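One structure is given here, and the rest of the page talks about it.
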Amino acid sequence: MNSQTGNDVEKKILHWIDTHQDEVIEFLQELIRIPSVNPWFHPKPEESREADVQNVIKQRMQSLGAEVRTWEPDVQALAKYAGKPGYYPDHKFDGRPNQAAIIKGSGDGRSILLTGHVDVVPAASGWTVNPFAAERKNGIVYGRGTVDMKGGIAAMIMAVEAVVNSGFRMKGDVIIGTVVDEEAGGMGSLDFVDKGYRADACIMTESTDMKIAQLCRGILWGKLIIPGRSGHIELPQGDWREGGAVDAIALARVFMDHFDRLNADWRVRKTHPYMAIPCQLYIAQINAGEYPTAFANRAELVFNAQYLPREKDEMGLGGKVKREIIDFVYSIAQTEPWLRENQPVIEWLIDADCAETPADHPFVQAIGEGLKKVTGNAILEGIGFHTDMGWFSNVGIPTVNFGPGTPRVAHQNDESIAEDELIKTVKTIALTLVNWCGVD
């Protein structure tokens, strides 16, 4: 189609969105009112309602003429991915389906996958509103999952609806992939990819402040266990070689001081032009001591360390960075006589993978063009937290994170999203569909 016709198409679609803003917001409210808490966190796992969210999406997509397939991931069938990102042999998926809705294109267009997760974390105490009432106040929608990430799911589905209900058919296929289990490791996305779903590009509608996040960082959680030897804290102890106490808390302070040195090095080496902050190793928890009258027999430092896509190992995980941290810890241990004979131990808790799509990729540029038309500006900035984009990138799908809402309010009390940002996201994704897939 020529540029004038293209402008007319875009104007018609944007007009549809402008005149259906309440419908967009009401769809988000419908999703929020279903408490689809991941059963990993749920006191009664059988009451998790991820399936109910999928059913609402299914009905909406079928009304647009989509072919919808719903299935429960098979953990045994996924055992071939043991040791790779997203595989957890103890996860269960009874009543927790993945879903794919496909709107077939007319032909000669590029395909696109729009994907997001339907599970949310629990709503803890301290909310000033009902976390599952989806209350609207002064242009804001409140509720668990507004940002992470039912806002993104509502936006991507309503963008497709805007194109279809404006009277157009996309030339390329559009796949709406909604998955479970992201909040507990991402096995839903692993299963989705394993089922063979592919597209020429993918938008993962995680919250990004409407910035184009073409990369995310990997995340390592670890526990450094530092041995000590308890003894009466109010009495002289003497040398540890003669049975004296060793204060594990004092040794923990040694490690924490050295981690400051490690972070200073990482601030120079582990940066990325599209990341606002460098990778660092942060202490998140300190657990030590047993009694007020005894030196600590043991100390635990639970830490969070980030890594960049260029640091991934052959399994697509953070093995190289794990080794770097282990070597650093043991080099510190060699400076302490007690620790040379009583080695600290690192237990690895989480290794969440990462990915990157080149900033100059045509798909990144296509999203940027749509975003500029809606907001006048397009900012590229990677996100520091993990998303499920890894496996989509691993199988060759150029993937970008782009969605409404401020990421830092995810998992917070009174989680919320601005209605105008939701609408702008719908518009941007709709224009990307036109640009990338083409329309008849």
Side-chain angles (χ1 to χ4, degrees), residues 81 84-86 110-117 148-149 152 156 177 179 182 185-186 189-190 192-193 197-221 266-281 304-324 350-371 378-403 407 428-429 432 436:
Y81 296 103
K84 293 185 178 181
R110 293 173 293 195
S111 60
I112 193 170
L113 168 64
L114 305 175
T115 184
H117 63 87
D148 189 15
M149 60 172 293
M156 70 190 193
V179 302
E182 189 272 349
S189 286
L190 169 60
F192 191 90
V193 168
Y197 290 100
R198 301 290 185 271
D200 294 320
C202 171
I203 299 178
M204 182 162 290
T205 55
E206 287 275 13
S207 170
T208 63
D209 264 328
M210 290 189 66
K211 296 174 182 176
I212 301 170
Q214 81 283 14
L215 78 144
C216 72
R217 296 192 297 188
I219 305 296
L220 294 172
W221 293 356
W266 280 20
R267 281 193 291 271
V268 176
R269 292 194 296 113
K270 296 179 183 274
T271 62
H272 191 286
Y274 289 104
M275 287 300 308
I277 55 177
C279 296
Q280 298 281 265
L281 187 155
N304 177 311
Q306 310 89 45
Y307 62 94
L308 295 166
R310 65 174 183 252
E311 299 181 286
K312 290 193 296 185
D313 62 17
E314 66 279 0
M315 299 295 283
L317 290 166
K320 295 178 181 178
V321 181
K322 285 182 180 179
R323 173 47 54 189
E324 181 180 356
I350 289 288
D351 187 346
D353 64 330
C354 54
E356 180 174 7
T357 299
D360 60 355
H361 191 281
F363 184 60
V364 178
Q365 301 302 309
I367 300 175
E369 291 175 15
L371 184 55
I379 298 174
L380 270 65
E381 184 178 296
I383 46 182
F385 57 89
H386 164 80
T387 76
D388 272 355
M389 73 180 289
W391 267 111
F392 298 101
S393 294
N394 290 347
V395 297
I397 306 173
T399 303
V400 169
N401 301 282
F402 175 77
T428 302
I429 297 175
T432 302
W436 183 255

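Counting from 1, the numbers follow the sequence of the chain as shown. Since the structure is predicted, the reported quantities are computational estimates derived from the model, not experimental observations.
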Checking Gln214 against Leu380 for the side-chain contact (heavy atoms from CB on, under 4.5 Å) test, could you report, in this order, the C-alpha distance in whole Å, the side-chain angles of both residues, the deciding distance, and whether it holds? CA-CA 7 Å; Gln214 81 283 14; Leu380 270 65; 4.1 Å; yes
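- The CD1 atom of Ile212 lies 9.5 Å from the CD1 atom of Ile379; values are rounded to the nearest 0.5 Å.
- Note that CD1 of Ile112 and CG of Asp200 are 9.5 Å apart. Values are rounded to the nearest 0.5 Å.
- Checked against ring pair (Phe, Tyr, Trp, His ring centres under 6.0 Å), Phe192 has the following partners two or more places apart in sequence or in another chain: Tyr197.
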Begin with the C-alpha distance, continue with both residues' side-chain angles, and end with the deciding distance and a verdict on side-chain contact (heavy atoms from CB on, under 4.5 Å) for Lys211 and Leu371. CA-CA 9 Å; Lys211 296 174 182 176; Leu371 184 55; over 6 Å; no
Go through Trp266 and Gln280 one step at a time and tell me if the side-chain contact (heavy atoms from CB on, under 4.5 Å) criterion holds. CA-CA 6 Å; Trp266 280 20; Gln280 298 281 265; 3.7 Å; yes
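- Between Leu220 and Ile350 the shortest side-chain heavy-atom distance does not fall below 4.5 Å.
- By the 4.5 Å heavy-atom criterion applied to side chains, Met275 and Leu215 are counted as neighbours.
- By the 4.5 Å heavy-atom criterion applied to side chains, Val193 and Arg198 are counted as neighbours.
- Considering all non-hydrogen atoms of both residues, Ala199 and Ile397 come closest at O-CG2, 3.6 Å.
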Can Met156 and Ile203 be said to form a side-chain contact (heavy atoms from CB on, under 4.5 Å), step by step? CA-CA 9 Å; Met156 70 190 193; Ile203 299 178; over 6 Å; no
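- In this structure, the side chains of Cys279 and Leu308 come closer than 4.5 Å at one or more pairs of heavy atoms.
- Taken to the nearest 0.5 Å, the OG atom of Ser189 stands 4.0 Å off from the CZ atom of Phe392.
- Arg269 has a carboxylate O that lies under 4.0 Å from a charged side-chain N of Glu324, or vice versa, which qualifies the two as a salt bridge.
- For the atom pair CD of Glu182 and CE of Met204, the computed distance is 8.0 Å after rounding to the nearest 0.5 Å.
- Listed for the Arg217 side chain is no donor-acceptor partner under 3.5 Å among the backbone atoms of Tyr307.
- For the pair Thr432 and Phe363, the minimum side-chain heavy-atom distance is below 4.5 Å.
- Side-chain contact between Asp351 and Trp221 is absent, with no heavy-atom pair separated by less than 4.5 Å.
- Taking both residues in full, the closest heavy atoms of Phe385 and Ser207 are given as CZ-O, 3.8 Å, listed atom of the first, atom of the second, then distance.
- Among the candidates Val364, Thr208, Thr205, the single residue satisfying the side-chain contact (heavy atoms from CB on, under 4.5 Å) test with Val400 is Val364.
- No salt bridge links Lys322 with Asp313; every basic N to acidic carboxylate O contact stays at or beyond 4.0 Å.
- Shortest non-hydrogen contact noted between Ala359 and Gln365 is O-NE2, 2.7 Å.
- In this structure, the side chain of Lys312 engages the main chain of Cys354 through a donor-acceptor pair within 3.5 Å.
- When each of Asp388, Ile219, Leu317, Thr387 is checked for a side-chain contact (heavy atoms from CB on, under 4.5 Å) with Asp353, only Leu317 meets the rule.
- In this structure, Lys84 places its NZ atom where only 12 or fewer heavy-atom neighbours from other residues, nucleotides or ligands lie under 6.0 Å away.
- Between Arg310 and Glu356 there is no salt bridge, since none of the side-chain N atoms of the basic residue sits less than 4.0 Å from a carboxylate O of the acidic one.
- In this structure, the side chains of Ile277 and His272 stay at 4.5 Å or more apart for every pair of heavy atoms.
- Remark: side-chain polar atoms of Thr115 are paired, donor with acceptor, to backbone N or O of Gly177 under 3.5 angstrom.
- For Thr357 (side chain) and Thr399 (main-chain N/O), a donor-acceptor pair under 3.5 Å exists by modelled atom type.
- Smallest separation of non-hydrogen atoms from Ala355 and Pro309: O-CG, 3.5 Å.
- In this structure, Thr428 and Met210 have side chains that are in contact, with non-hydrogen atoms separated by less than 4.5 Å.
- Note: His361 and Trp436 have tilted aromatic rings, judged against thresholds of 30 and 60 degrees for the angle between ring planes.
- A salt bridge does not link Lys320 with Glu311: every distance from a Lys NZ or Arg NE/NH1/NH2 to an Asp or Glu carboxylate oxygen is 4.0 Å or more.
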